Structure formats: structure tokens, C-alpha cells
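A short worksheet on the structure shown next.
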Amino acid sequence: MSSTLPVTLDRTAGGSLGVQLSGRIRDLVVAGTLARGDRLPSSRALAAELGVSRSVTEQAYEQLLAEGWLEARRGSGTFVTATGAARAALPRRPTAPATAGLVRLDAGTPWIDPRHAAGWRRAWREVSTAPPPRGYDDPRGLPELRALLADRLGRSRGVLLDPDELVVTNGTTDGLRHLLTALPHGPVAIEDPGYRAAVETVAGLGRTVLDLPALAPVTDLTGVVACYVTPAHQHPLGRVLPGPERVALLDAARAADAVVVEDDYDSEFRYDVAPVPALASLDRGRVAYLGTAAKSVAPSLRLGWLVPPPDLLDRINARRLVTHEGAPWPVQRAFLALLRDGYVDKVVRTARRVYAERAPRVAAALSPYATPGGPVAGMYSTWLLSQADALRARDAARRAGFELNLLSGYCRTATLTGLVLGFGGVTDDELDRALAALTSALGRSRG
Ligand SMILES: Cc1ncc(COP(=O)(O)O)c(C=O)c1O
């Protein structure tokens, strides 16, 4: 049985034909095949088409009228309603962003040297032959991995801890999320300009974000429960938090009973001096330390670690035990092998050399036109320019096939303008072409 409506009824299906018909018409509306304002055949005509009694079509129409999918207009028929038409309710299909297909000069993308691919493969082969845990594993993470990470933190960052005080996470923002669940309600202060993912994470959990001017000493944290900072390499301006300001920040946190969240995302990548010890090395009871494998190995690994202040540890672990929110076992197992076999040290050393060579190249190209936002370390540098010049340069880069971020995109109440240029995730040739596009636009603007 079929009709001018694309509806077929199945007499063998059992159940009421009226219910079957109302379901079919409802499906057409939901799918958008019938849209707002479409007129349905009369119940008599539809019954004739389908070869059923009129009571079947009337029952179906009455049901859909009651549900609001249809409306009867006296003298003119039965119509699909505005509210019932799913096509109208469907979100508009997102259009591809204008920047699709461009090579991204992202601040957060590291150089992954293809020469080390064999070590990567070896680690994953080991994962493939290791038996997975039988049930949900230790929510804190693999004990061997925590032991290696704790040892590394002590040696390279001056953070002394027992492996049981460290929690393996799915990356920095995951660690931040776990920490926030253990903190009392209240606002979180975040550097401005600052790490956008941290802002989104805090706001997404329903907390107020307070703007902490990134370059001003922090002396008062009254009323906040936590304060998020990047002391080794302010993101995105680049400054190292000076010693006296570290002391003042910790004093302010103690006075306000706030936790300082230290995002130590890329401290391995200093190429002028040795990495500055972590803030957590000064006060483990006050600082929550966040580390990540995103810069040393790959952002897509989604692996990080959190060292919370000891008094929050049990609360975080108890919750993770119930929610099974541990980091995936294969990723932990692979990272364990990568750390243990020296892969991580090797890729960090290679990438550091690459960045140490590229950073001055970027500086040589841009310094005639722009002021550095701070000392250069890691895999990006930030350049202060007028917004008009920054936009001109960004647009020229786009025309040449590259996408890079405007500094204004990291600002909330701060009014800094310029460019944040990542030089890790591109080839030398791509970097040269991007710099040529930028300098030619900035040179023209100067001229
Ligand atoms: C300031 C900052 N912190 C942390 C990260 C790493 O985050 P995740 O570990 O979630 O990948 C990034 C990555 O770009 C970053 O820019």
C-alpha cells in the first residue's frame, strides 16, 4: 500500500494500522521530508490511496494533531506545523571554516622528528603484546609510569614527591578538571592573556573566571579558590615568572587559602638557560602541578599528569575510582615504554635543537617590524604589533596558505595586539614561506 505521501503500510506487521500510519508520517516530518506548511492529502484521499478504511487515516491524523506535528485549518486542510518540522529545528549544517586546508602555525604543535619513528613503533609493538588489565585499572595510573614521572619531576623540575602523589591524566585540561572537582565552589583567576583551554574548562564547569593581568605581580587573591599560571613560560607572552614574584604569588595564595595551579607545559624547551625550577618545588602544599606529554611527544597522545596538593589527593582519587576516569591503559603503557627506553629524551633533545635554530630565524625576520612579547623559548614566539598590522600580516599569511593566531584572541580584558607564531609543527620550507609572506605584508604596511 503506497500513496502520494511516501508512506507504505505493512498489513502483516500486526498492531493498529492507524498507529503505524501516524508513525510513518511522524518520521517524514522528523526527517524533514515533510516540512512546515506542507499540506497533507485529505484523510479520505489518503485512505483511498492506501486502500484502508478512512478511520485508519483519521486516527493517524488525530494522533499527530494532538502531538502538535499537524494542524487543521478550517476549510483548507491539514498542514505540517512550524514547530513540528524537524528540518526547521535542525541546526544549520556548519560551513567549512575559511581556514580549512591552511598549514597551521599553531603555538602548541611540536616538531615530531621522523627519524625517531622506529622508537615509537617499538613502544606500540610492546603495547600490542602486553595483556591489558582485567578490570578497571588503578585510577591514579600505572604504578611504573607514576614512578618514572615522579623521578623525572624530582630531577628535572625540583618537585620532590612520592609516585603515589601523582595522578596520570588525559592531558592538562583533564588534570585541571579533576583538580577543580576537589576544590570548594568559587572563582578561578587565570592569566590574561592566557591559556584559552583553561578558561573554557573553568567556565565550562560553571565557575567564574577572573582576569589576572599576565605581566603584573600577583599580590592579592582574596575570594578566589585557585589561580592558574604558566610560570616557566607565560602563555602566550613568553615571560619567565621572576623569583620575587613567585614568592609574592605563593604568599597571596596562602593568605587567601587558594591553590596555585602551575601549568608547566613546555619547560623542557629552554635553549638559552637551564629550565627554571617549578613553582611546585617551592611549596608542594599550595601548588597543583600540571604536566603534559603534548609538547614532548604529541598533543594527540592525550596524556598528562597532575600532582595536586596532598590534602586534595584522596578526594580526587576517590572520585576517579568511582567514575573510571583514568587515562587509557594503552596510552599509558606506550608512554611508559617511550620514557623507559629513552625515546622521550631523544625527541626532546632533537626538537630543542630545531627550536633553538628556528626561534632566531623568526626573530630575525619579524624584529624589524614587531616587538617580542617576551623571551623566546619553546615552540612559538609572540610579537606585538598594532591590530591593523597583525590583521594585515595574518591575511597575507592566509593568502600564502598559512594560518596563525592573533594575540587579541588570547586576551579577555587585556588589550594587547599582535601575532602568536608557532614554529614547531611545520617544515623549514613552510616556515620560510610563512615568514616571507608576513614580512612582505609588514614591509608594505611600513612603506
Ligand atoms: C599553555 C598550555 N598548556 C598546556 C597545553 C597542553 O594541553 P594538553 O595537555 O591538554 O594537550 C598547551 C597546548 O597547547 C598549552 O598551550
Side-chain angles (χ1 to χ4, degrees), residues 104-112 141 145 149 153 157 166-180 188-202 204-205 209 212 214 226-241 260-270 275-276 278-280 287-307 325 327-328 331-332 335 338 344 348 351 355 373-374 376-382 403-407 409-412 414 419-426:
R104 300 189 62 86
L105 296 157
D106 269 336
T109 309
W111 171 250
I112 300 176
L145 176 57
L149 287 170
L153 276 177
R157 309 298 296 123
L166 181 144
V167 181
V168 181
T169 66
N170 294 325
T172 304
T173 43
D174 184 54
L176 174 61
R177 214 163 41 77
H178 286 290
L179 176 75
L180 290 173
V188 176
I190 304 183
E191 293 166 329
D192 176 26
Y195 186 33
R196 294 178 291 188
V199 174
E200 286 300 321
T201 303
V202 169
L205 288 172
V209 174
L212 204 61
C227 155
Y228 191 96
V229 288
T230 46
H233 188 207
Q234 202 281 325
H235 184 74
L237 296 177
R239 178 173 94 130
V240 181
L241 190 65
V260 178
V261 187
E262 175 176 28
D263 175 358
D264 196 36
Y265 63 107
D266 72 349
S267 55
E268 305 97 316
F269 298 108
R270 284 218 73 92
V276 187
L279 196 61
V287 179
Y289 177 94
L290 291 169
T292 180
K295 308 299 165 192
S296 54
V297 177
S300 51
L301 209 55
R302 305 313 306 136
L303 193 88
W305 41 97
L306 159 69
V307 184
E325 286 179 82
V331 176
Q332 294 191 62
F335 195 63
L338 293 169
V344 177
V348 165
Y355 304 152
V376 178
M379 58 209 72
Y380 70 91
S381 52
T382 297
E403 175 65 358
L404 77 171
N405 286 319
L406 295 172
L407 176 57
Y410 296 75
C411 295
R412 303 188 302 279
L419 295 171
V420 181
L421 189 148
F423 48 77
V426 287

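Just so you know, ligand 1 is whichever comes first in the structure, and atom 1 is the first atom listed for that ligand. Predicted model, so just to flag it, every value in this text is computed and none were measured.
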Checking a contact table here: which protein heavy atom is nearest [atom], and how many Å away?
| atom | value |
| --- | --- |
| atom 9 (O) of ligand 1 | Thr292 OG1, 2.6 Å |
| atom 10 (O) of ligand 1 | Arg302 NH2, 2.8 Å |
| atom 5 (C) of ligand 1 | Tyr195 OH, 3.2 Å |
| atom 3 (N) of ligand 1 | Asp263 OD2, 2.6 Å |
| atom 14 (O) of ligand 1 | Lys295 NZ, 2.7 Å |

| message | As an exercise, state the distance from CG of Asn170 to NE2 of His178, rounded to the nearest 0.5 Å. | response | 6.5 Å
| Rounded to the nearest 0.5 Å, how far does CG of Asp174 lie from CG of Leu290? |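 It is 10.0 Å, given to the nearest 0.5 Å.
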With atoms numbered from 1 as shown, which atoms in ligand 1 lie under 4.0 angstrom from a non-hydrogen atom of [X]?
| X | result |
| --- | --- |
| Thr173 | 10 (O) |
| His235 | 1 (C), 16 (O) |
| Ala294 | 11 (O) |
| Gly108 | 14 (O) |

| message | Can a side-chain donor-acceptor contact be found between Asp263 and Tyr228 if the only test is distance below 3.5 angstrom? | response |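 Yes, Asp263 and Tyr228 have a side-chain donor paired with an acceptor closer than 3.5 Å.
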| pair Glu325-Arg177: side-chain heavy atoms closer than 4.5 Å |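 Sidechains of Arg177 and Glu325: in contact.
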| said: Measuring only between side-chain heavy atoms, which start at C-beta, is Val229 closer than 4.5 Å to Val261? | reply: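 Not in contact.
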| Hey, mind stepping through His235 and Tyr380 against side-chain hydrogen bond (donor to acceptor under 3.5 Å, both in side chains) and telling me if it holds? | CA-CA 10 Å; His235 184 74; Tyr380 70 91; 3.1 Å; yes
| message | So for ligand 1, is Asn170 a polar contact partner (N or O within less than 3.5 Å, distance only)? | response | no
| request: Could you tell me whether Arg157 sits above the aromatic face of Tyr289, with NZ or CZ closer than 6.0 angstrom to the six-membered ring centre and within 45 degrees of the axis? | output: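 No, Arg157 does not lie over the aromatic ring of Tyr289.
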